[in-house]
Amino acid sequence: MKDTSRSKHPRLSAPASSSVIDALGGVTAVSKVCEISTAAVAQWRRYGIPKARLQYLRERFREMPIMHTKEIAELCPREDWKKVRAALR
């Protein structure tokens with residue numbers, strides 16, 4: 001049987017991912033920010049936002065309260081932010 005959990009790569013939980021997507025303006029808005037398809041973002045509601053994308057979104061929207069939840073902080077510690085910030089410059 002094929003594993004559909006996609007647990008090989010760390011992801012934010014599906015409920016938290018849906019909250020983040022909604023707070024950022026929905027699937028279409030997030031897909032434009034990440035420059036990916038709306039279908040890919042819609043799948044995040046089911047499987048969770050991948051850690052790499054979450055790091056980008058957390059840095060890009062760091063002023064938003066939703067980006068400072070415990071679950072996001074645990075998945076993307078502040079040490080990881082330094083790497084992301086350096087890559088964005």
Trainee: Indicate yes or no: at least one non-hydrogen side-chain atom of F61 is less than 4.5 angstrom from one of I66.
Mentor: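 A side-chain contact is absent here, since even the closest heavy-atom pair is not under 4.5 Å.
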
Trainee: Side chain to side chain contact (heavy atoms under 4.5 Å, CB included) with A73: which residues, sequence neighbours excluded?
Mentor: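 Testing A73 for side chain to side chain contact (heavy atoms under 4.5 Å, CB included), a comparison that skips the adjacent residues, returns R58.
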
Trainee: Side chain to side chain contact (heavy atoms under 4.5 Å, CB included), that's the test. Do L57 and M64 meet it? Break it down for me.
Mentor: CA-CA 10 Å; L57 292 170; M64 295 188 69; over 6 Å; no

Trainee: Counting only N and O atoms by type, is there a donor-acceptor contact under 3.5 Å from the side chain of E71 to the main-chain atoms of S13?
Mentor: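 Yes.
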
Trainee: Please collect all side chain to side chain donor-acceptor pair (under 3.5 Å) contacts where either partner lies in residues 20-35, sequence neighbours excluded, each pair once.
Mentor: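 Only D22-R45 qualify under side chain to side chain donor-acceptor pair (under 3.5 Å).
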
Trainee: What I'd like to find out is whether the side chain of Q55 reaches to under 4.5 Å of the side chain of C76, using heavy atoms alone.
Mentor: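 Yes, side chains in contact.
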
Trainee: Strictly distance-based, threshold 3.5 Å: is any side-chain N or O of H9 a donor or acceptor partner for the main-chain N or O of A52?
Mentor: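 Not at all, since once roles are kept as given, no pair shorter than 3.5 Å links the two residues.
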
Trainee: Rounded at 0.5 Å granularity, tell me how far CG in L12 sits from CD1 in I21.
Mentor: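 Separation between the atoms: 9.0 Å.
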
Trainee: Any side-chain heavy atom of I49 within less than 4.5 Å of one from Y56?
Mentor: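 Result no, sub-4.5 Å side-chain heavy-atom pair not found.
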
Trainee: Please determine whether side chain to side chain contact (heavy atoms under 4.5 Å, CB included) holds for the pair V33 and L24, giving the CA-CA distance in whole Å, both sets of side-chain angles, and the decisive distance to 0.1 Å.
Mentor: CA-CA 10 Å; V33 168; L24 297 179; over 6 Å; no

Trainee: Run the side chain to side chain contact (heavy atoms under 4.5 Å, CB included) test on V20 and I72 for me, step by step, so that the C-alpha distance in whole Å, both residues' side-chain angles and the decisive distance to 0.1 Å come before the verdict.
Mentor: CA-CA 10 Å; V20 167; I72 292 174; 3.9 Å; yes

Trainee: Which distance, rounded to the nearest 0.5 Å, do you find between the OG of S37 and the CD of Q43?
Mentor: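 Result: 7.5 Å between the selected atoms.
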
Trainee: With side chains defined as the heavy atoms from C-beta onward, is the minimum distance between P50 and W44 less than 4.5 Å?
Mentor: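 When only atoms from C-beta onward are counted, W44 and P50 do touch, with a gap below 4.5 Å.
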
Trainee: Check whether any side-chain heavy atom of L54 lies under 4.5 Å from a side-chain heavy atom of R11, and answer yes or no.
Mentor: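 Answer no - side chains too far apart.
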
